[in-house]
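As the structure lists them, so they are numbered: ligands from 1, and atoms in each ligand from 1.
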Amino acid sequence: MNKKIGVFDSGLGGLTVLKELYKAMPAEDFYIFGDTKNVPYGTRPGEEIESLSYSAFKKLENLGLKAFVIACNTATVYSLEKISKSTDIPVVGVIEPGVMAALENDLEKVLVLATEATIRSGLIQKLLKAGKPSIEVEGIGAPKMVLAVENGLGKSEEGRKIVYSYLDQATIDPDGVMLSCTHFPVLQDFVVDYYKEKGKDIKIIDPAKKCAEIIKGELAKEGMLTSEKDKGKVEFFTSGDTESYKKIGNVILGDTLTIDEVKNL
Ligand code: DGL
């Protein structure tokens, strides 16, 4: 059986990571699962996030995987360790790739937008400080941004208002904003606009590209990368409503990929 790369998120946000994975490895086959029945994860206690994420991994593992991408910052914080310990296949999350990308950009003042659970863990703040002790970091938990994307408001004026209301809360004047929730790249233009209106060009850090680079490197090292002859296939799964996953998902994917069918898992 041809084993695939499994990609998982609490909801639709994983699609922003899938885009980069697909661009980096177009010959690979992917399964992507969005746990939209249980989204949001970011407002739940850590043990619940761990257990939901582990069940999601098991569901995809049963289909046959050669690697697993936790395309959710919140799930990465609370379940990367448990999932990695339970399997021999490469498992990659999005927290470290995001921190690596931020440090490579040599930022001085970073605003981290994420879920409440990710901010509460303090993991990103700690890793940034470990990499660059002089860095100033402020974290804002932005649950309404997750819901805006899940409800298909990612490109709407309502979405813009929600983003602006969180950015208004920031007390630092950042040179970079980390989109440390995989739903947030959908709202990226609003973040950029907000600072442009203040006459500032900020750097946006989206962990997805770095994540794709890392998993590609791991597969190459193990000799498990598919040759570039064929185009890969992506199969889409959700625990929730298949039609709305397809409709909103296609807007998020733009012209990179098209969702024709979504199955329940
Ligand atoms: N996409 C998830 C992340 O990257 C968060 C969404 C949620 O709250 O479930 O953290």
Next item on the list: Apply side-chain hydrogen bond (donor to acceptor under 3.5 Å, both in side chains) to Thr74 and Thr118, showing your working.
Entry: CA-CA 5 Å; Thr74 314; Thr118 298; 3.3 Å; yes
Please state which part of [X] comes within less than 4.0 Å of ligand 1, counting heavy atoms only: side chain, backbone, both or neither.
| X | value |
| --- | --- |
| Val146 | side chain |
| Thr115 | side chain |
| Ser10 | side chain |
| Thr43 | neither |

Note to self: Is it the case that over 12 heavy atoms from other parts of the model lie below 6.0 angstrom from the NZ atom of Lys144?
What the structure shows: no
Next item on the list: Considering heavy atoms of the protein only, find what lies nearest to atom 10 (O) of ligand 1 and give residue, atom and distance to 0.1 Å.
Entry: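 It is Thr74 OG1, 2.5 Å.
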Next item on the list: Please verify whether a non-hydrogen atom of Cys72 lies at under 4.0 Å from ligand 1.
Entry: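 The answer is yes: ligand 1 sits under 4.0 Å from a heavy atom of Cys72.
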Item checked: Proximity flag Gly42 to ligand 1, non-hydrogen atoms under 4.0 Å ->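 Heavy atoms of Gly42 do come under 4.0 Å of ligand 1.
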Check: Hey, are the side chains of Thr115 and Arg120 touching, using non-hydrogen atoms and a 4.5 Å cut-off?
Finding: no
Can [X] and [Y] be counted as having a side-chain donor-acceptor contact under 3.5 angstrom?
| X | Y | answer |
| --- | --- | --- |
| Thr36 | Glu150 | no |
| Asp35 | Ser239 | yes |
| Thr226 | Glu28 | yes |

Notebook entry, point to check: Short list, please: which atoms of ligand 1 are under 4.0 Å from a heavy atom of Val39?
Noted result: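 What qualifies from ligand 1 is 9 (O).
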Note to self: Within ligand 1, which atoms have a heavy atom of Asp9 less than 4.0 Å away?
What the structure shows: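 Near Asp9, meaning under 4.0 Å from one of its heavy atoms, ligand 1 has 1 (N), 2 (C).
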Note to self: So for ligand 1, is Tyr41 a polar contact partner (N or O within less than 3.5 Å, distance only)?
What the structure shows: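 Tyr41 vs ligand 1: N/O contact under 3.5 Å present.
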Notebook entry, point to check: Using the ring of each side chain (for Trp, its six-membered ring), is Phe8 parallel, tilted or perpendicular to Tyr41, with breaks at 30° and 60°?
Noted result: tilted
